[in-house]
Each structure stands twice: as structure tokens, then as C-alpha cells.
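Worksheet for the structure shown next.
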There are 2 protein chains.
Amino acid sequence: MKWSMTYILSHDMVTNMIHQIGLKTVYRQLVRQMKLDYMHWHDFHHQSRISAESPNGVIELMPIHNQQHYAFKYVNGHPSNPSRQLPSVCAFGCLSDMDSGIPVLIADMTLLTAIRTAACAAMVYDCIRYPQDTIDIAIIGTGAQSEFQITAMHEMHPIGTCYYYDIDDHAMQKFSDNLSEYPFNLQAINGVADIPSACDVIITATSCLTPSALAIKQSNRRKIIIAIGGDAPNKQELNRTLIENSTVIVEYLAQTKREGEIKSANPKQIITLHELVQSKQTLSNDLIVFDSVGFAIEDYSTLVMCQGWFESLPPHEFFGVLDDPKNLFSQIIQGTP
Amino acid sequence: MKWSMTYILSHDMVTNMIHQIGLKTVYRQLVRQMKLDYMHWHDFHHQSRISAESPNGVIELMPIHNQQHYAFKYVNGHPSNPSRQLPSVCAFGCLSDMDSGIPVLIADMTLLTAIRTAACAAMVYDCIRYPQDTIDIAIIGTGAQSEFQITAMHEMHPIGTCYYYDIDDHAMQKFSDNLSEYPFNLQAINGVADIPSACDVIITATSCLTPSALAIKQSNRRKIIIAIGGDAPNKQELNRTLIENSTVIVEYLAQTKREGEIKSANPKQIITLHELVQSKQTLSNDLIVFDSVGFAIEDYSTLVMCQGWFESLPPHEFFGVLDDPKNLFSQIIQGTP
């Protein structure tokens, strides 16, 4: 290894690579890598992310490592950014070799964060699914994350009908335009009350600060609610009664208790995602909530997948080359190589 | 502000800029910025750095923010790296706008870390100096950091004679070669016992795990020992008696207690660097130790200085451009811009 060889992967490089590989394949690669990493949960050192809050939003660092690799992601969440033509979420990550501490790659992860969040939800459903040909799905909130959730789920479990709702008509139009080429039915609804009782999956992807009246109608099959995002300190999408009657799946309990839906209610049962992936826990009831706040191991999996994509291409000299690693000052005297 | 406009500053760009500006001016700019930031210490949110340890070394994240900016640095310390032609320290940092969470710049900080560590020590001496024309200085350990320490100090306080020692003859030769053009006397010595009693400043820049027998000889003027680096968990450069008889200056007490020389002994007096810069504390004796482990605010100052250097140049499209910040999925459909 030549130490200076670090991949610097800009947005365009990552997006071009995703086009080349195809989004479907990316979802499958990522679900596979994520399952593998969650299977080896106890090989990792875990910690909650480190937050810096301001009136407009939050900036977070999400580090994790095992014996082989160190990874961290920088990510912000500023809900009012789009009004200034700025994205509400912007992310980049770094994967390093634990043995030497040298970064292997630094990559834009804005798009990859949306993809990994969706792939993780699809993986969860994969672990608890009720066998059937196609699934019906409803999504509340058709913002930036929504199409990724639907397409990842569709790749793993073909969708029959997708019901969708947002308080913003423009967002609903954007959602149906973006998904018009997909083979499932798209059905706009007028609110959460219109979600059919037979829906297998309900996704909430809003930035609601007050619990929506998501009343779960009785049905004879297992139902999962996927509550996306731990992006705002006071965010709450699901009401207390619903959580108290559910089995709640969490990624990393210490972090989800601080950021997730469970911060204000005690579920009937809590199981961790790594126990679910390792089939070490049985779901005690048929109403399941995945309290998805996003955990560092998912970004680790994403960066390891990225490393695989780019390892055949030439890296960058971001960190430069040193003739003598002990002679740093020579760069001041000699000038750059 | 166009959100995609983030400066990606590689090693070569940073090094070329330092050559263009001149190392002397960089030291002066940085001491000025660092003093300003230490003056405003209470405007910042502080925390100890977050470490990931492996048998070969450590990887750290160092975040800090105030109302305006968020900054963090990634840095590793792997003492055995040079035997594999890898640098023992490799660093990069990011400066972001707190209001939007968008990164303003991402920069290689390997060289800048050495420069800021040296500038910080020169700033400390600046705050406690005994007025005189020139100073005599001794340095124990002439590795990668050594010339920066000497040249930064020389820029702020002209050096008369510089005494130097390392267990490695090659490192001593490199040190004297690198500094041969400087106007002060270079005097090799055979060990710590040879340091003249009249030396004003003694710098220890080793990776010693056992305290060296640094006996301080009596003299009639104030003496400062600068113990550089918190880079290894068990590192200890100064012996207990010396620390117990000293006034010790620390950057951030919680972190220095874990990493610094004071982890194994209680000094006569501890004062924080921000109190020193703000002249809020009086030094109670003439034997002073700066227990320098490096704190995030110094990297913040460095990144703010960097921002000033590059703001007239065109930035990079690392994070890409979004026509509609709420329509992330369109990038999957349309392809890259």
C-alpha cells in the first residue's frame, strides 16, 4: 500500500457508479453487506453519534470500528435548508485501515445515506416477512427519502399497490412522476385514515413534531410500520398507544432511546436489529415498528461496498507522497513534489 | 451561497499555499487566530476527542463548534508506520457553516497539524515570556514535529542557540540539515543531562513510554518545558517530581487528564490555556510545563485561517448540484448533471 493513495469520491463519481451498477444491484449488494455486518455486531465498537445542535438543525459524527476498518460519517439535518435552495441533508464519510490509521476513501454520502436508509428498512422487512407474492405498502411523507424507501422495498419484495400521501401536493406529484416507470400501482390517498387495513407495510417519512393519528386497523396478517429518521430533537411521528402495543425494532438502543419514537413511550417488546438478523429473538406480536434512526454500522457497510466499487480504478493523491515519512519538514524546504 | 461549493484542499494545494504565503507569515496568522479563539473560549462547545484504539495506534475525531462554525479533525497516531513507509500521523479536517450544516471546506491537515502544534507552543511562550532579546532552547526528540517547534518559536522569539538530541543519529542529522539555513546556532548534545541551566525553553517531542530523567537545573530565570503530544495511551515524558513542582498549563482539562503528563502526577498549580491567554491567572512559580496534547479549538483556528486563504479561488463540486433540494431521487432517474 502506498499511503498517499486515498480515494476521494465526489457526488458525481458516486452517482455515475450507481448508474453504471444499477440501483437494484446496489440495493442487493448493500442489504447483503449490511446483513453480514449486523451478523458480526459484537466485533464492532459501538457508540451513539455525537451531535452539535443549532436553532436550524443538527450536525452529527457517526464513528464505528472493528479490528479491520474504522469508519465515520459526517451528516447534517437542517429541515429549513430547501427554502434557501440548500439540501436538508448533506453527508460524507471516511473508511480507514485500523492497522495503519490511513484513510482508504473519503466519499460524498448524501445519495448513499438515502440508499442505505432504504436498504436497511428493506432488510428489516426481509427478516420478518409474512410469505406472500406481492406486498401492499403505504407511505406518509413523500419527501427526499420516499422514493428510495419504495424502490428498495420493491427490489426485495415486489409491491402490488403503493398508497402515498403528503401535506404538500408538489411533493406528491414529484413522487408519482419519479416512480411512474415502476410496475406497481400508485394510489394517492387523502391522509392516514385512508390507508387500507390490508397494507403490509406503512412507512412514515415526515418531519412531524406531533404524533399523527396513525390508527392501525385490524387485519389478519403481520403489519410493520417503518418510522424513518432521527433527524430532529423533538420529532415524534407515532402516538404513544401505538408504540405501547408494538414490538419495536431498534438499531442501537442507547441512541434510539435518545432520538427515536421510543423516547416518549415504552413498547410491549424491544428487540435489536442484530438479534433480529441473527434470529436470536422471536417477535411476540404482529404489530411491529422499526424505529429507524440510522446507525453508524449501516454507513460502515455502505463504505465497504463503495471500496469494492472503486478498487480497480486509480486513487487520488489527496494526502500527498512522502519520500521519508519521518521528515515532514522537508516539504516546507523543498516545495511540493 | 451555492450549496455545492465546498473546497477540497489536497496536500499539494495546502503545501503550495504555505509556500506562497511563507511559513513565517503562516505562524503569525495562526498565532493571531488561535489567540482570538482562545480569548472566546466560552463561545465554544468543548469535548474530549473520541478515540478508537488498536494494537498499532489510535484514530481520533476532534469536533468543536461555536454559533458560527462547526469544525472537526480526523487524525491518527501510529508510531510504527514509518517502518512501512507510511506516516505516523495523517490528518484531515472539515469546517462547516452551523446555520446550514453544509461543509465549507475539507482539507488535508497532516502538515497543518504539525504547524498548529508548533504555533500553539509559541503562543504559550508568548503569554509567559521573560523579556529578553534572544532565547536559548533545547529539544529532546528530533522527529517529524521537531523543526516546526523550533521555527515557530524562532519566529515569535528569536533563538540564540538551539541544543538538540535524539536517540537516532539519522534524526539528528535530518534536523540539522533542515534547519541549516536558519540564523541561530545549532548545538548537538549527548542527552538531557547536557542541557545548559540557562536554557529558557526545553521541548520534549518523543514517544517515550517511561519518564526521561529530565533534571531541571537551578537558574535565575523562568523556565518552560513544552511536552508535546498526547499520541499514545501510555506515553509519559516527564517524571513525577518535576510535574509536582511545576505550574502546568493545559488546553482542556478533561482531555489532558486522560492523555497528558498530568495523568500520573498532581502539579503544584494547573492553569488552562484560555485563562492564560485572557490573563485571568497568575503563574505561581517559575518552573512551567505546557502539557500539550492538542485540542480541537486549535484545528478550528487552523481551518478558519485556511478558509481565508482559499476564499478568492474557485471551489469544488464535491457534493454536486441539486436543481430541487427536495428531489434527491431525480439524480437516479436523470443521471448526473
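Numbers restart at 1 for each chain; the letters A, B, ... are given by sequence-line order, proteins then strands.
Gln47(A) touches chain B through its side chain: at least one heavy atom from C-beta onward sits under 4.5 Å away, while N, CA, C and O do not. Interface remark: His45(A) contributes no atoms to any contact with chain B (heavy atom separation under 4.5 Å). Of the two parts of Tyr74(A), only the side chain, counted from C-beta on, holds a non-hydrogen atom closer than 4.5 Å to a non-hydrogen atom of chain B. Only the side chain of Asp168(A) comes within contact range of chain B, judged by heavy atoms closer than 4.5 Å. In this structure, the portions of Asn178(A) lying under 4.5 Å from any heavy atom of chain B include both its backbone and its side chain. When heavy atoms are compared at a cutoff of 4.5 Å, Tyr70(A) approaches chain B solely by way of its side chain, counted from C-beta outward. For Ala107(A), the part lying under 4.5 angstrom from a heavy atom of chain B is the backbone only. Of the atoms belonging to Leu9(A), it is backbone heavy atoms, and not side-chain ones, that fall under 4.5 Å from chain B. Neither the backbone nor the side chain of Thr142(A) comes within contact range of chain B; no heavy atoms are under 4.5 Å apart. Within the 4.5 angstrom heavy-atom criterion, only side-chain atoms of Ala114(A), from C-beta onward, approach chain B.
Using modelled atom types, one finds no donor on one side chain facing an acceptor on the other under 3.5 Å when comparing Trp309(B) with Gln20(B).
Between the His154(A) side chain and the Ile159(A) main chain, a donor and an acceptor come within less than 3.5 Å of each other.
Here the side chains of His46(A) and Phe295(A) are in contact, with some heavy-atom distance below 4.5 Å.
Between Phe329(A) and Tyr182(B), the two ring planes are tilted [angle within 30° to 60°].
Heavy-atom neighbours of Ile21(B) CD1 from other residues, nucleotides or ligands within 6.0 Å: above the threshold of 12.
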